[in-house]
Amino acid sequence: MTHPTVSELIARSNRLGADPTTTNYAGGNTSAKGSETDPVTGAPVELLWVKGSGGDLGTLTGKGLAVLRLDRMRALVDVYPGVEREDEMVAAFDYCLHGKGGAAPSIDTAMHGLVDADHVDHLHPDAGIAIATAADGEALTKEVFGDRVVWVPWRRPGFQLGLDIAAVKAANPQAVGVILGGHGITAWGATSEECERNSMEIIRAAQAYLDSRGAAEPFGPLRPGYEPLPEDERRARAAALAPVVRGLASTDRRQVGHFTDADVVLDFLAREKLEPLAALGTSCPDHFLRTKVAPLVLDLPATAPLEDVVARLRELHAAYREDYRAYYERHAMPDSPAMRGADPAIVLVPGVGMFSFGANKQTARVAGEFYVNAINVMRGAEAVSTYAPIPESEKFRIEYWALEEAKLARMPKPKPLAGRIALVTGGGSGIGKAIAQRLAAEGACVAVADRDADAAAAVAAELGSTDVAVPVTVDVTDSAAVAAAVDAAALAFGGVDLVVNNAGLSISKPLLETTDADWDLQHDVMAKGSFLVSRAAAKAMVAQGMGGDIVYIASKNGVFAGPNNVAYGAAKADQAHQVRLLAAELGEHGIRVNGVNPDGVVRGSGIFAGGWGAKRAAVYGVPEEELGAFYAQRTLLKREVLPEHVAAAVFAITGGDLTHTTGLHVPVDAGVAAAFLR
């Protein structure tokens with residue numbers, strides 16, 4: 001049975017974490033103190049339950065709490081070696097754990113354990129950080145809150161900050177919390193309800209002050225030419241830029257992208273103070289750990305020609321990398337972790353929107369959300385004062401903190417396709433669905449493209465959230481629709497790395513019964529469709545400059561002549577030769593083009609379910625329900641081929657072990673000697 005104090009803590013945490021303006025994703029922490037029976041002594045023991053390292057308040061469960069003995073945790077004060085060695089105290093928390101201890105204690109554990117209150121909230125609300133980052137934040141704190149909230153000057157999170165806040169609480173019995181300079185807020189209460197009420201009092205009072213006293217245009221007037229483009233133009237420009245920007249942001253390591261053109265972003269990008277404020281960077285540690293010390297800002301108007309924008313972005317990226325290296329070298333100490341990468345995490349394009357990047361889609365999206373928080377903070381601080389974030393040297397101390405480096409080292413090894421963005425045509429059923437499932441399981445972000453919008457949506461939903469997969473409705477015979485599908489992948493994830501030409505159909509007829517329409521339909525979908533998809537995808541891949549994979553799901557029938565399928569077999573042969581032609585042409589861009597030749601995929605196949613199976617069964621004189629077994633018996637391995645076997649071949653080609661292979665056709669037919677490639 002869950003301890004009632006823990007139940008209250010989780011409920012409070014989930015409410016506080018539900019609003020991104022109250023605290024950002026995985027930011028802030030909450031705690032509660034209470035008594036439980038020690039299973040060893042049978043006597044009561046006082047415990048601290050506190051959100052563990054890396055957890056998120058909005059989705060917190062009991063498993064995300066660290067559980068410590070309060071007496072041992074507070075006894076650490078007596079062995080504290082001083083601020084110069086305070087990082088050692090994080091390891092000491094392990095000796096305070098109760099039982100298995102739950103989640104790993106975070107750096108903020110001391111704040112919660114040392115403050116003399118049963119319930120403590122540490123949050124990163126936009127309004128609170130606006131006061132915390134104002135140049136005259138201490139005076140504003142007094143003006144806004146009187147003596148109910150006390151100003152605490154900036155100090156890096158750690159044991160000393162916990163001691164400082166505990167001292168403030170003891171010296172100010174009338175106070176309900178503190179404003180942490182440059183950082184956020186901390187509030188407390190005797191009950192969970194009182195603590196949450198005090199947290200919300202601070203946040204609402206700060207917001208009310210900003211709303212009532214703030215300047216009308218804290219970011220300055222609009223800059224002519226930097227206003228948002230009309231939505232259609234804006235999205236088209238974003239789709240064209242996304243692969244370019246992603247390629248730049250992936251110079252050191254592959255990144256996934258996220259794009260937003262929210263009103264709050266577009267307004268900031270259109271204002272006179274954009275560049276000077278952006279150069280100051282963010283302030284809250286959680287913010288700049290995700291967004292880096294500063295964003296890259298395009299300094300051209302929204303209406304600048306696309307080619308000029310691309311050229312300027314390349315220049316600015318080169319300068320950004322030089323500036324970041326200089327920042328690292330200014331502050332690095334002999335024992336500092338190595339520089340992790342000099343590419344921007346946030347790229348701001350006036351009139352268009354914001355691109356954010358991370359190792360996966362969730363990280364990229366959250367980085368963008370954090371920068372929106374930062375925009376809100378800057379707006380609030382500028383509305384009532386001047387935005388004054390923590391010094392650059394302090395940002396470096398946290399960005400390259402040994403404790404942060406250790407946290408990164410504990411992260412699980414990425415899956416083989418992590419950071420890869422896949423587009424699978426015909427992904428709504430059959431072989432395409434199996435391929436989408438396998439690529440997602442191996443870490444890829446997947447755009448599930450299908451003519452059937454409902455089928456694509458169902459498969460995408462099955463794969464997970466929009467951080468994993470998105471549906472795309474596309475008719476592969478329509479060049480505009482294909483271009484739009486690639487654009488959709490770019491807007492969703494930043495570009496495209498891995499394209500699977502799987503869309504197909506078959507009409508089984510003898511030559512004399514095959515109509516012009518039969519021929520045209522199959523060639524339009526498979527031959528022309530694959531060409532259109534490959535052309536649009538290759539354009540994005542070349543713009544990214546990161547190489548890529550194009551995989552054709554061809555067929556055994558492309559090399560083996562069977563009866564009553566002249567249109568289908570010819571279209572598949574066309575696809576097979578496209579593999580060779582494009583492998584020869586795209587190799588200079590690092591784009592590999594390979595094929596998979598399945599045969600006899602009956603169970604789970606959309607083509608067979610659509611009538612092809614019945615017709616092929618009639619050709620071979622077997623019942624349709626026995627067609628799979630019939631195909632299996634004519635193979636060398638006597639095994640039935642399933643959609644997941646084709647998906648496995650796609651992964652084998654693209655998963656990282658065949659980096660020097662292009663122009664290959666992999667048979668997935670259980671062994672059909674007549675279809676051996678020569």
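- A salt bridge is absent between Lys395 and Glu392; no separation between the charged side-chain nitrogens and carboxylate oxygens falls under 4.0 Å.
- Taking 4.5 Å as the limit, some side-chain heavy atom of Leu417 sits within range of a side-chain heavy atom of Phe651.
- In this structure, a donor-acceptor pair under 3.5 Å is present between the side chains of Asn501 and Ser534.
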| request: Could you give me the CA-CA distance, side-chain angles and deciding distance for Glu275 and Arg223, then say whether salt bridge (Lys or Arg N to Asp or Glu O under 4.0 Å) is met? | output: CA-CA 12 Å; Glu275 291 181 33; Arg223 300 171 71 188; 3.5 Å; yes
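- A donor-acceptor pair is defined here as one N or O able to donate and one able to accept, closer than 3.5 Å; such a pair exists between the side chain of Lys51 and the backbone of Gly55.
- Side chain to side chain, Asn29 and Asp108 meet the donor-acceptor criterion of an N or O pair below 3.5 Å.
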Practice task
Starting from the C-alpha separation in whole Å, work towards a yes-or-no answer on side chain to side chain contact (heavy atoms under 4.5 Å, CB included) for Ile346 and Leu296.
Solution key: CA-CA 6 Å; Ile346 303 292; Leu296 185 157; over 6 Å; no
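- Counting non-hydrogen atoms of neighbouring residues, nucleotides and ligands closer than 6.0 angstrom, the CZ atom of Arg325 reaches no more than 12 such neighbours.
- A ring-centre distance under 6.0 Å is not found for Tyr25 and Phe370.
- The existence of a salt bridge linking Arg237 and Glu233 is excluded, since no basic side-chain nitrogen approaches an acidic carboxylate oxygen closer than 4.0 Å.
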Any chance you could lay out the salt bridge (Lys or Arg N to Asp or Glu O under 4.0 Å) test for Arg420 and Asp549, step after step, and finish with the verdict?
CA-CA 10 Å; Arg420 302 288 299 279; Asp549 282 287; 2.8 Å; yes
message: Please determine whether salt bridge (Lys or Arg N to Asp or Glu O under 4.0 Å) holds for the pair Arg12 and Asp121, giving the CA-CA distance in whole Å, both sets of side-chain angles, and the decisive distance to 0.1 Å.
response: CA-CA 9 Å; Arg12 178 174 102 236; Asp121 292 337; 2.9 Å; yes
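- The shortest side-chain heavy-atom distance between Leu463 and Gln437 falls under the 4.5 Å cut-off.
- Taking 4.0 Å as the cut-off between side-chain N and carboxylate O, Arg438 and Glu442 count as a salt-bridged pair.
- Checking Tyr327 against Glu399 by side-chain atom types alone, a donor-acceptor pair falls below 3.5 Å.
- Asp252 places no side-chain N or O within 3.5 Å of a backbone atom of Gly341 that could act as its donor or acceptor partner.
- Cation-pi geometry between Arg340 and Tyr400 is met: the NZ or CZ atom falls under 6.0 Å from the ring centre, inside 45° of the normal.
- No more than 12 heavy atoms of other residues, nucleotides or ligands shown are found within 6.0 angstrom of CG on Asp657.
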Step by step, would you call Asn360 with Asp467 a side chain to side chain contact (heavy atoms under 4.5 Å, CB included)?
CA-CA 8 Å; Asn360 53 54; Asp467 287 343; over 6 Å; no
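- Side chain to side chain, Glu272 and Tyr226 fail the donor-acceptor criterion of an N or O pair below 3.5 Å.
- Between Arg156 and Trp401 the shortest side-chain heavy-atom distance falls below 4.5 Å.
- A donor-acceptor pair shorter than 3.5 Å cannot be found between the side chains of His331 and Ser393.
- Under the 3.5 Å distance criterion, with hydrogens and angles disregarded, a donor-acceptor pair is assigned to the side chains of Ser13 and Thr30.
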*Steps toward salt bridge (Lys or Arg N to Asp or Glu O under 4.0 Å) verdict (Lys273, Glu382)*: CA-CA 10 Å; Lys273 291 186 180 180; Glu382 287 288 312; 2.7 Å; yes
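- The neighbour count for Asp232 CG, taken as heavy atoms of other residues, nucleotides or ligands under 6.0 Å away, does not exceed 12.
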Problem set entry | Verdict with supporting geometry, Thr186 and His122, side chain to side chain donor-acceptor pair (under 3.5 Å) | CA-CA 4 Å; Thr186 297; His122 168 57; 3.3 Å; yes
> Under the side chain to side chain contact (heavy atoms under 4.5 Å, CB included) criterion, do Asp343 and Tyr320 qualify, and how do the steps go?
Replying inline: CA-CA 7 Å; Asp343 297 316; Tyr320 185 98; 5.9 Å; no
